Engineer: 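Please read through the structure below; I'll follow up with questions.
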2 protein chains.
Amino acid sequence: MTEELCKEHAKLTEPPPEIEATLAVLSGKWKILILWQLMRRECRFNELRRAIKGVSQHMLTTQLRDLERHGIITRTIFPEVPPRVEYALSEHGESLKNVIRTLATWGHTHLRRQQAATSRPVTRGRKVAAG
Amino acid sequence: MTEELCKEHAKLTEPPPEIEATLAVLSGKWKILILWQLMRRECRFNELRRAIKGVSQHMLTTQLRDLERHGIITRTIFPEVPPRVEYALSEHGESLKNVIRTLATWGHTHLRRQQAATSRPVTRGRKVAAG
DNA sequence: CCGTATCCTCTGTGATACTG
DNA sequence: CAGTATCACAGAGGATACGG
């Protein structure tokens, strides 16, 4: 009975399934950085390793596998010697370009804002309403 | 000498400072979900706690403080009894609406794609180039 | 109601060594 | 070159109790 009322109140805002789906794909320390590289052109394993400062062999493999499993990127093996593997955005992965670009754009303006903010001192955020 | 050549080769793709700035702000298990709620309307602490299933009091406080410190949200204390605190997007935080919406939109199409994919079996991603 | 303080868990991540 | 296999660890996150 009172339980019904509680539910009603909690329902003011609802849970977001699309958001969680996106986070499930993109979460991981290196995923976005990997995708940023693959947006520009397809890459080989060691190319990515060099381009992304600080990533370990292990983590690069892991996160590439994750992205592949989610259908975001493709992995093409060329049966040559020495072995060669190319990673690229899948067709579905292409649709993430827009997302990554949005993140980058926002980051850009955010950085500019930070510069402006540090040049002059400022009391930040914490407000007390008059009462 | 040879060091110069190595640098030249690694420079094929460059590090993305705007991306890292964005990740610094948004990384954290609950940040995006918090912002999703605050996009819709300002919220009180316990409202957020109820709306975001599974978040602990500790983490909610921590991540709200992070967002506040980055200038994304504001925290307004109403000197009443019982105490009341309202969280809302700051002016700067408003600019994130677009980002969050982009994430949600992509997640939506991603979910639809997943449905379609699971209805029929499919060999996924792993390709071997002819040789 | 809205927190802070502690302590503890566990997952993501990193380092190292070895293989097709 | 492009991985896999182990082991080890920091630090993000969770549980619980107490305070303004």
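The structure displayed is predicted, hence computed values, not measured ones. We use all heavy atoms of the structure for the numbers below, so side chains are in, but hydrogens, waters and symmetry mates are not. So you know, we letter chains A, B, ... as the sequences are listed, proteins then strands, and number each from 1.
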Engineer: So, is B/R84 near the phosphate of C/dC2, with a side-chain N or O under 4.0 Å from OP1 or OP2?
Structural biologist: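 So the side-chain polar atoms of B/R84 never come under 4.0 Å of the phosphate oxygens OP1 or OP2 of C/dC2.
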Engineer: For C/dT11, does either OP1 or OP2 sit under 4.0 Å from a side-chain N or O belonging to B/K29?
Structural biologist: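 Negative; the distance criterion is not met.
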Engineer: Quick check against the 3.5 Å criterion: does B/S95 have a side-chain atom that pairs as donor or acceptor with the backbone of B/E91?
Structural biologist: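 A pair under 3.5 Å: no.
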Engineer: Under 4.0 Å between a side-chain N or O of B/R49 and OP1 or OP2 of C/dG3?
Structural biologist: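 For C/dG3, OP1/OP2 do not have a side-chain N/O of B/R49 under 4.0 Å.
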Engineer: Can you tell me the distance, in whole Å, between the CG atom of B/L64 and the C1' atom of C/dG3?
Structural biologist: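 Answer to the nearest Å: 11 Å.
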Engineer: When the distance from CD of A/Q57 to P of D/dA5 is rounded to whole Å, what number comes out?
Structural biologist: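 Value for this atom pair: 13 Å.
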Engineer: Of the candidate nucleotides C/dG14, D/dA2, C/dG3, which contains the atom at the shortest distance from the side chain of B/T61?
Structural biologist: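 Among the listed nucleotides, the one closest to the side chain of B/T61 is C/dG3.
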Engineer: Compare side-chain N and O positions of A/Y87 against OP1 and OP2 of D/dC1 and report whether any pair is under 4.0 Å apart.
Structural biologist: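 Looking at the OP1 and OP2 atoms of D/dC1, neither is under 4.0 Å from any side-chain N or O of A/Y87.
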Engineer: If I take atom OG1 from residue A/T109 and atom CD from residue A/Q114, how far apart are they, to the nearest 0.5 angstrom?
Structural biologist: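 The OG1 atom of A/T109 sits 10.0 Å away from the CD atom of A/Q114.
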Engineer: Does the separation of the ring centres of B/H70 and B/H92 fall below 6.0 angstrom?
Structural biologist: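 Ring-ring flag for B/H70/B/H92: false, centres at least 6.0 Å apart.
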Engineer: To the nearest 0.5 Å, what is the distance between CZ (B/R84) and OG1 (B/T76)?
Structural biologist: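 It is 9.5 Å, given to the nearest 0.5 Å.
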Engineer: When the distance from NE2 of A/H58 to C1' of C/dT19 is rounded to whole Å, what number comes out?
Structural biologist: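 It is 16 Å, rounded to the nearest whole Å.
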Engineer: In terms of side-chain heavy atoms of A/W30, which of D/dG3, C/dG14, D/dG13 is nearest?
Structural biologist: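 Of all the options, the side chain of A/W30 is nearest to C/dG14.
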Engineer: Nearest 0.5 angstrom please: A/E20 CD to B/L103 CG, how far?
Structural biologist: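 Spacing of CD (A/E20) from CG (B/L103) equals 13.0 Å.
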Engineer: Take the protein atom CZ of A/R44 and the nucleotide atom P of D/dG3, then report the distance between them rounded to whole Å.
Structural biologist: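 Answer to the nearest Å: 10 Å.
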Engineer: Tell me: CZ of A/R75 to P of D/dG3, nearest whole Å?
Structural biologist: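 Value for this atom pair: 4 Å.
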Engineer: Would you kindly give the CG-to-P distance between A/L60 and D/dC1, to the nearest whole Å?
Structural biologist: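 Spelled out: CG on A/L60 to P on D/dC1 is 14 Å.
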Engineer: Which of the following nucleotides, C/dG3, D/dT4, D/dC1, is nearest to the side chain of A/R65?
Structural biologist: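 So the side chain of A/R65 is nearest to D/dT4.
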Engineer: Using a heavy-atom cut-off of 4.0 Å across all strands, would you classify A/Q63 as base, sugar-phosphate, or nothing?
Structural biologist: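 Since only primed, P, OP1 and OP2 atoms lie under 4.0 Å of A/Q63, the category is sugar-phosphate.
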Engineer: Grab the CE-C1' distance between B/M59 and D/dA12 for me, whole Å please.
Structural biologist: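 Taking atom C1' of D/dA12 as the reference, CE of B/M59 is at 6 Å.
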Engineer: B/P83 side chain: which of D/dA2, C/dT13, C/dC1 is closest?
Structural biologist: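 Looking only at heavy atoms from C-beta outward on B/P83, the closest nucleotide is C/dC1.
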Engineer: Whole angstroms only, please: what is the CG-P distance between A/D66 and C/dT13?
Structural biologist: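 Roughly 9 Å, once rounded to whole Å.
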